[in-house]
Structure formats: structure tokens, C-alpha cells
Novice: 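Here it is, the structure, as C-alpha cells.
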Amino acid sequence: MTCKEAEKLIPLFLKDELDTDDLREFMEHVDKCEECREELSIQFLVLEGMARLESGNVFDLQNELKARIEETEHILKWRESMQWLLYALEGLVGVALITLIALLVFF
């Protein structure tokens, strides 16, 4: 993923609108790229900071962003685990269908 692609995904990341594949690529890129991590921080601070100022809430946005990134990494691992489970179940259904068809044809 290029920096330009990652920067386009920042608003979607902040809205929790990235699919699993895009989220994985985005997180890997941001983890390795200081410039994109800085851009993510800036956009998060602007978006959340404006919302918090309007509501008058006290906040620590740097720690909130860090917590959000950690939570997203956990969610990404869970999504990927569920994806593998889905593949396994699809495989089992395929085997069951083939077995059923074989039984119907031969008996």
C-alpha cells in the first residue's frame, strides 16, 4: 500500500468502515510508516477534538488514538480468525454436498 492510498483510507478507518482486507493493509502500512501515522494522528485529533470541544468533554486524544489502534488490531485478528472459520465451514459443506450427491448417484 502506498502512502497516498493509506491517506485516502484514514477517514474510512476513523469511521470504522474498512473491510477486513483494507483494514489489514492499512494497519500494516501505518505501523511501518511514520508519515502516515502522523497524518492519522492529525486527522483523528481534528475530527475528535472538534466533536469534544463542541460537547465540552475533557479528553486525552493521543491516548484514545493509541487505544483505538490497539483495539482495531484485536478486532482485525478476530475478523481474520472468523474468515478462516468461514472458509473451513464452506469446505465442510462442499464435502457434505459431494458425499450426498455420491450417495444419491450410487444408491
Novice: Drop me the distance from Lys4's NZ to Cys36's SG, to the nearest 0.5 angstrom.
Specialist: 12.5 Å

Novice: If every non-hydrogen atom of Glu25 is compared with every non-hydrogen atom of Met1, which pair is closest and at what distance?
Specialist: CB-CE, 3.6 Å

Novice: If I compare all heavy atoms of Leu65 with all of Ser41, which pair ends up nearest, and what's the gap?
Specialist: CD2-CA, 3.5 Å

Novice: Determine whether Met82 and Leu86 satisfy the following criterion, side chain to side chain contact (heavy atoms under 4.5 Å, CB included), listing intermediate values before the conclusion.
Specialist: CA-CA 6 Å; Met82 292 299 107; Leu86 180 60; over 6 Å; no

Novice: May I have the step-by-step check of side chain to side chain contact (heavy atoms under 4.5 Å, CB included) for Glu64 and Phe44, ending in yes or no?
Specialist: CA-CA 9 Å; Glu64 286 183 36; Phe44 180 77; 4.1 Å; yes

Novice: From Leu76 CG over to Glu28 CD, what is the distance, rounded to the nearest 0.5 angstrom?
Specialist: 8.0 Å

Novice: Measuring only between side-chain heavy atoms, which start at C-beta, is Met27 closer than 4.5 Å to Ile69?
Specialist: yes

Novice: Check whether any side-chain N or O of Gln43 sits under 3.5 Å from a backbone N or O of Leu40 as a donor-acceptor pair, and report yes or no.
Specialist: no

Novice: Given the rule in the side chain to side chain contact (heavy atoms under 4.5 Å, CB included) test, do Arg37 and Glu34 qualify, once you have shown the distances and angles that lead to the verdict?
Specialist: CA-CA 5 Å; Arg37 204 169 33 252; Glu34 180 70 32; 2.6 Å; yes

Novice: Sequence neighbours left out, what pairs pass side-chain hydrogen bond (donor to acceptor under 3.5 Å, both in side chains) with at least one residue falling in residues 82-95?
Specialist: Gln83-Tyr87

Novice: Find the distance between NZ (Lys66) and CG (Asn63) and round it off to the nearest 0.5 Å.
Specialist: 6.5 Å

Novice: With a 4.5 Å cut-off on side-chain heavy atoms, are Glu38 and Cys33 touching?
Specialist: no

Novice: For residues 7-20, tabulate all N or O donor-acceptor pairs below 3.5 Å that involve a side-chain atom, not counting sequence neighbours.
Specialist:
from  : atom 1 : to    : atom 2 : distance (Å)
Asp16 : OD1    : Arg68 : NH2    : 3.4
Asp19 : OD1    : Asp21 : N      : 3.2
Asp19 : OD1    : Asp22 : N      : 2.8

